[in-house]
Amino acid sequence: MKFRPLHDRVLVRRAEAETKTKGGIIIPGTAEEKPSEGEIVAVGAGYVNEDGKVRALDVKAGDRVMFSKWAGTEVTIDGEELMIMKESDIVGIIG
């Protein structure tokens with residue numbers, strides 16, 4: 001299935017969660033926190049401002065981003081768990 005986000009929304013593949021701490025302690029699946037970073041898979045056309053003009057998004061497919069902890073909606077597309085969120089939920093681009 002092909003999926004294209006609309007307007008100022010982006011589709012994000014969340015990064016894998018760490019299963020071991022730096023000290024070597026293994027974190028059980030029930031206690032691990034989901035990471036708040038990931039890779040942009042697809043982006044919408046942009047934000048429509050008050051003048052009716054479309055402003056392009058600052059992120060593009062392939063960017064590694066950090067987003068707020070409670071951002072987005074989890075969806076499953078072709079068996080893969082992804083997130084849809086607004087560009088404003090993204091705090092920054094990594095790298």
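Start at 1 with the first residue, then count along the sequence. The shown structure was predicted, so the numbers you read here are calculated from the model rather than taken from an experiment.
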When rounded to the nearest 0.5 angstrom, what distance separates CG in Asp78 from NZ in Lys2? 11.0 Å
If I take atom CD from residue Glu74 and atom CD from residue Glu81, how far apart are they, to the nearest 0.5 angstrom? 6.0 Å
Point-to-point distance, once rounded to the nearest 0.5 Å, from CG of Asp8 to CD1 of Ile90: 10.0 Å
Among residues at least two apart in sequence or on other chains, which ones pass side chain to side chain contact (heavy atoms under 4.5 Å, CB included) with Val43? Val10, Ile40, Leu57, Val59
Taking every heavy atom of Phe3 against every heavy atom of Ala42, the minimum-distance pair comes out as O-CB, 4.3 Å
Quick one: side chain to side chain contact (heavy atoms under 4.5 Å, CB included) partners of Ser68, sequence neighbours excluded? Ala71, Asp89
Listed partners of Glu80 passing side chain to side chain contact (heavy atoms under 4.5 Å, CB included), at least two apart: Arg13, Leu82
How about Tyr47 and Lys86: do any of their side-chain heavy atoms sit closer than 4.5 Å? no
To the nearest 0.5 angstrom, please state how far the CD atom of Glu39 sits from the CG atom of Asp63. 9.0 Å
Between Glu87 (side chain) and Asp58 (backbone), is there a donor-acceptor pair under 3.5 Å? yes
Per the side-chain contact (heavy atoms from CB on, under 4.5 Å) rule, which among Val41, Val12, Leu11 passes with Ile84? Leu11
